[in-house]
There are 2 protein chains.
Amino acid sequence: MVIRVSDFESQEIRSLTLFSGLDDACFSTLMRGAYVQNFPPMIDLITEGDKSDFLHVLISGSVELFANWSGHETTMAVLRPTSTFILAATIRRARYLMSARTLEKSRIVLVPSEDVSAVFDLDPDFARAVVTELAVCYRANVMTTKNLKLRSSLERLANHLLAARKLAGDAQSFDLGLEKRRLASSLGMTPENLSRAFRQLKPYGVAIDGSRVMIADASDLEGLAKPSDLIDESCVN
Amino acid sequence: MVIRVSDFESQEIRSLTLFSGLDDACFSTLMRGAYVQNFPPMIDLITEGDKSDFLHVLISGSVELFANWSGHETTMAVLRPTSTFILAATIRRARYLMSARTLEKSRIVLVPSEDVSAVFDLDPDFARAVVTELAVCYRANVMTTKNLKLRSSLERLANHLLAARKLAGDAQSFDLGLEKRRLASSLGMTPENLSRAFRQLKPYGVAIDGSRVMIADASDLEGLAKPSDLIDESCVN
DNA sequence: GAAGCTTTTTGATTTGCGTCAATTATTTCG
DNA sequence: CGAAATAATTGACGCAAATCAAAAAGCTTC
């Protein structure tokens with residue numbers, strides 16, 4: 001059964017950079033073919049290698065992008081609302097390079113690839129929005145690569161914590177927001193190593209209780225992390 | 001002094017996917033403001049952190065994209081003709097995330113960012129070409145991340161050699177095409193470790209003499225490398 | 001609230017890979 | 001061409017991080 005996108009959600013989707021510049025007619029075209037779906041946690045949404053059919057928009061909950069090779073699995077990113085995913089595959093009409101699963105109960109809008117393509121040609125503003133969104137994602141990916149190749153796992157963790165703190169409005173304490181094993185995988189390390197890394201950060205004023213992180217003095221941690229806006233600019237997708 | 005783009009080079013640039021669909025008027029607009037420049041080897045073209053002003057098109061020679069952090073440097077990619085670079089920064093009008101330098105004597109076309117932007121709005125075909133190019137680059141980057149996170153350095157080398165062999169038309173022997181230390185950096189390893197890795201590949205029929213690589217039996221090496229078109233699809237940029 | 005699961009932590013051990021240092025090969029350039 | 005510089009290789013060593021194993025702590029679920 002197809003479930004239409006509600007007006008309320010429409011509003012929310014519209015607030016995304018990808019859709020904000022769009023004129024009403026075009027936006028309606030996109031939403032007409034789109035449908036919303038609720039998913040329980042740990043549901044596979046897409047599998048790498050499959051052909052892409054829909055642009056996904058995460059409205060609530062959280063989604064993990066991950067990849068497999070030769071028996072190994074790695075977390076590529078953890079997405080939170082409101083963000084789009086697999087835009088590149090949608091545009092290329094190519095096979096997915098990553099798989100996706102829900103982590104929490106999630107609400108997701110699915111926009112048919114053909115509609116995205118059609119509106120792209122119809123509305124120059126949308127075209128510009130798509131290319132901007134893609135450029136942002138591209139740059140985020142470059143940052144990921146730099147992060148992996150230039151930093152040790154301890155430095156990656158330190159920078160992640162500083163970024164998370166910033167996202168939490170520079171709060172003195174904040175929630176980790178995801179399981180530690182997934183954080184570990186996303187940072188390119190094992191859960192065991194992450195656990196030890198947290199202890200190594202104690203002298204820098206980092207305390208952790210469950211999923212609650214407390215950073216006593218951010219500038220202390222920054223001394224170790226050496227954050228750079230050419231690597232750490234917070235960009236979800 | 002501004003050097004115009006020759007007709008011959010014009011032809012070559014046009015053959016790029018980015019420009020192929022473009023109508024003549026728009027292409028002329030782009031080329032009118034563009035200029036060509038010759039660079040000796042080892043010349044810094046752009047520096048990460050600087051604001052982007054030009055879309056770069058490599059016509060001949062080769063260019064290294066690299067990044068620095070806290071005293072470390074890593075090779076992000078080595079480009080060969082004909083390819084564009086820093087398209088994402090151009091579109092976002094943002095600061096470069098990577099630096100670039102010539103490796104060989106190179107000929108490069110510089111297209112002002114404003115012109116790219118203007119033609120993007122003017123010509124839907126160009127808009128589509130830009131978004132396609134960007135999507136390709138994005139996907140290449142995702143592959144890089146998967147390569148780094150899912151494979152050991154030996155596996156990365158093995159897959160690189162198989163990809164290079166393919167690029168050389170499945171020739172039994174081919175040139176490495178870049179210094180070993182840059183290859184090492186681009187694969188995320190040290191020169192010393194690369195040297196050892198080459199020796200480890202001997203039992204798999206890999207021989208190396210200077211920059212000449214010989215692969216006796218590709219299928220043998222594939223047994224180790226386990227190449228996947230979701231990671232190894234050859235895409236330069 | 002206890003039983004059974006999963007996740008996290010901790011410790012012991014191994015290993016892949018980086019670092020340091022020295023030698024050999026290769027390239028550059030006067 | 002030969003000297004100097006740069007790259008590549010090799011060996012010894014150390015460290016970061018993975019693996020293995022087991023205990024502890026958190027979650028479910030009935």
Side-chain angles (χ1 to χ4, degrees), chain A residues 40-42 64 69-75 78 101 103-105 147-161 175-203 206-213 224-225, chain B residues 40-43 64 69-75 78 101-105 147-161 175-202 206-213 224:
Chain A
M42 296 305 291
E64 176 184 25
W69 178 80
S70 186
H72 301 274
E73 176 171 319
T74 192
T75 300
V78 174
R101 68 165 74 95
L103 290 181
E104 308 166 50
K105 188 167 166 302
N147 197 30
L148 281 171
K149 291 183 79 176
L150 291 168
R151 287 173 173 161
S152 70
S153 63
L154 190 67
E155 290 166 335
R156 291 199 293 274
L157 174 60
N159 278 294
H160 174 84
L161 293 179
D175 196 272
L176 215 48
L178 76 172
E179 287 167 292
K180 283 181 186 162
R181 66 206 193 92
R182 279 179 225 285
L183 174 60
S185 180
S186 115
L187 292 174
M189 58 206 286
T190 57
E192 294 97 323
N193 198 25
L194 176 67
S195 195
R196 290 183 247 273
F198 268 120
R199 259 212 315 217
Q200 282 185 268
L201 290 182
K202 241 178 199 163
V206 176
I208 182 144
D209 176 35
S211 67
R212 196 100 209 133
V213 181
L224 170 75
Chain B
M42 296 305 289
I43 294 295
E64 176 185 25
W69 178 79
S70 187
H72 301 273
E73 177 172 319
T74 191
T75 300
V78 174
R101 69 165 73 95
T102 55
L103 291 181
E104 308 166 50
K105 187 167 167 301
N147 197 31
L148 281 171
K149 291 183 80 177
L150 291 169
R151 286 173 174 163
S152 71
S153 62
L154 189 67
E155 290 166 334
R156 291 199 293 275
L157 175 59
N159 278 292
H160 174 84
L161 293 180
D175 195 272
L176 215 48
L178 78 170
E179 287 168 291
K180 283 181 186 163
R181 66 208 193 90
R182 281 180 223 286
L183 174 61
S185 179
S186 114
L187 293 174
M189 57 206 287
T190 57
E192 294 95 325
N193 198 24
L194 176 66
S195 198
R196 287 175 191 119
F198 268 120
R199 260 210 317 215
Q200 283 185 267
L201 290 182
K202 241 178 197 164
V206 176
I208 183 146
D209 176 36
S211 67
R212 197 100 209 134
V213 182
L224 170 75

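Residue numbering restarts at 1 for every chain, and letters A, B, ... go by the order of the sequence lines.
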Visitor: Starting at CG of B/L154, measure out to CG of B/N193 and round the result to the nearest 0.5 Å.
Guide: 9.0 Å
Visitor: I'd like to know if the side chain of B/T102 reaches the main chain of B/I43, judged simply by a donor and an acceptor atom lying under 3.5 Å from each other, with no hydrogens or angles considered.
Guide: yes
Visitor: Does any part of the side chain of B/R181, heavy atoms only, come nearer than 4.5 Å to the side chain of B/L194, both counted from C-beta?
Guide: no
Visitor: Which pair of non-hydrogen atoms, one from A/E155 and one from A/L150, has the smallest distance, and what is that distance?
Guide: OE1-O, 4.3 Å
Visitor: For DNA chain D, find the residues of residues 147-160 of chain A with a heavy-atom distance under 4.0 Å and give them by number; none if there aren't any.
Guide: A/S152, A/S153
Visitor: Do A/K202 side-chain atoms and A/I208 backbone N/O form a donor-acceptor pair below 3.5 Å?
Guide: no
Visitor: List the atom of A/M189, the atom of A/A197, and the distance in Å for their closest heavy-atom pair.
Guide: CE-CB, 3.8 Å
Visitor: Please tell me if the side chains of A/Q200 and A/L157 come closer than 4.5 Å, counting only heavy atoms from C-beta onward.
Guide: no
Visitor: Whether the side chain of B/T75 engages the backbone of B/S185 through a donor-acceptor N/O pair (distance < 3.5 Å, no angle test) should be reported.
Guide: no
Visitor: Please tabulate, one pair per line, each protein N/O and nucleotide N/O from nucleotides 4-11 of chain D that are separated by under 3.5 Å, including the distance.
Guide:
| from | atom 1 | to | atom 2 | distance (Å) |
| --- | --- | --- | --- | --- |
| D/dA7 | OP1 | B/R181 | NH2 | 2.6 |
| D/dA8 | OP1 | B/K180 | N | 3.0 |
| D/dA8 | OP2 | B/R181 | N | 3.2 |
| D/dT9 | OP1 | B/K180 | NZ | 2.7 |
| D/dT9 | OP2 | B/S195 | OG | 3.3 |
| D/dT9 | O5' | B/S195 | OG | 3.1 |
| D/dG11 | N7 | B/R196 | NH2 | 2.8 |
| D/dG11 | O6 | B/R196 | NH2 | 3.1 |

Visitor: Search all heavy atoms of B/R151 against all heavy atoms of B/N147 and return the closest pair with its distance.
Guide: NH1-OD1, 2.9 Å
Visitor: Can you tell which of B/R101, B/M42, B/E179 makes a side-chain contact (heavy atoms from CB on, under 4.5 Å) with B/E64?
Guide: B/R101
Visitor: Going 5' to 3' along DNA chain C, which nucleotides are the first and last within contact of chain B (any atom under 4.0 Å from a heavy atom)?
Guide: C/dC17 to C/dC20
